[in-house]
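All heavy atoms count here, side chains included; hydrogens, waters and symmetry mates do not. None of these values were measured; they are calculated from a predicted model. When a ligand or atom number is given, it counts from 1 through the structure's own listing order. In this chain, numbering begins with 1 at the start of the sequence shown.
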Amino acid sequence: MPVNLRTLFKKKEEGKKISMVSTYDYWSAKLCDEVGIDCLLVGDSLGTVVKGEPDTLSVSLEEVIYHTKCVVRGARNAFVIADMPFMSYQVSPEQALENCARVIKEARAKAVKLEGGQEIAETVYRLTRAGIPVVGHIGFTPQSINVFGKPRVVGRSEEEERKLREDFKALESAGAFMIVLESVPSSLARELWENSKSIVIGIGAGKYTDGQVLVFHDLLGFFEDFKPKFVRRYLEGAKLIKEALRAYKMDIEKGEFPSEEESYG
Ligand code: KIV
């Protein structure tokens, strides 16, 4: 059955957890969809994961539209959320309305995700009033990497705690139906979640949330170089793929591929 806002809020009410995966293409979206993952986020993490950039800042609106179209084709039931890239919504609510409308109309995403709290509240309000479901994203926000300096936990100081509470409230009041908390101490995430009306999704925010999100390539172990504390690997993907590639190379070099059966008579 297709996932929508009603079924997502029903899950929250019933205390059932929501699963979300960041995906960027048809194939990974289809696999997630077939096992019943609730939401697919076309994350701007595609900057690092797909493009090999050091951060998410160079991702363009056209790239998000392209990857969202691919994911939507693979998502029969999953709820597809498109991540709005850096500077595609911060300039003004009008700019945000125009760009988010493209993501909904051209790429057929069901919702958009925006990073930020109080500073984007008016934009969130205008988007929701225009009929575009909005996901907020606070805590560590990768588009502000040049302010943070490096990925880190946000909300350890009293000042950051206070700001997170205010940002959360501002997003809820503006109409964000879902809020992602990234790299937030679990006690603070729990407090925000326990008083929430919006759906709360965590990544590095502990287990007291309505659900969790991880990047497809992280949870399947496609990256060997670095594993953030909050990532659980469900597969040693890179190791398995390399083994297969080595075997393929070896078979070619030994003249064992292709065999008679793999050749046309
Ligand atoms: O870009 C992304 O994939 C994200 C999630 C990890 C929350 O923002």
| Those atoms of ligand 1 less than 4.0 Å from some heavy atom in G43 | 1 (O), 2 (C), 3 (O)
| message | Counting non-hydrogen protein atoms only, what is the nearest one to atom 4 (C) of ligand 1? Give residue, atom name and distance. | response | L41 CD2, 3.6 Å
| What protein heavy atom is closest to atom 6 (C) of ligand 1, reported as residue, atom name and distance in Å? | I203 CD1, 3.6 Å
| request: Verify the distance criterion only: is there a donor paired with an acceptor across the side chains of Y24 and S45 at less than 3.5 Å? | output: yes
| query | Please state which protein non-hydrogen atom is closest to atom 2 (C) of ligand 1 and give its distance, to 0.1 Å? | reply | S45 OG, 3.2 Å
| Is there any N or O on S22 that sits under 3.5 Å from an N or O of ligand 1? | yes
| task | Would you mind telling me if ligand 1 is within reach of the side chain of D83, the backbone, both or neither, using heavy atoms under 4.0 Å? | result | side chain
| query | Mind checking whether M20 has a heavy atom under 4.0 Å from ligand 1? | reply | no
| said: Is any side-chain heavy atom of P142 closer than 4.5 Å to one of H137? | reply: yes
| query | Should K113 be listed as contacting ligand 1, given a heavy-atom distance under 4.0 Å as the test? | reply | yes
| said: By the definition side chain to side chain contact (heavy atoms under 4.5 Å, CB included), identify the one residue from V112, D83, N99, V59 that meets it with V64. | reply: V59
| request: Could you tell me whether a side-chain N or O of E172 sits under 3.5 Å from a main-chain N or O of S198, the two making a donor and an acceptor? | output: yes
| request: Please confirm whether the backbone N or O of S19 pairs with a side-chain atom of D38, one donor and one acceptor, at under 3.5 Å? | output: yes
| message | Quiz question: by atom type and distance under 3.5 Å, do the side chains of S263 and E260 form a donor-acceptor pair? | response | no
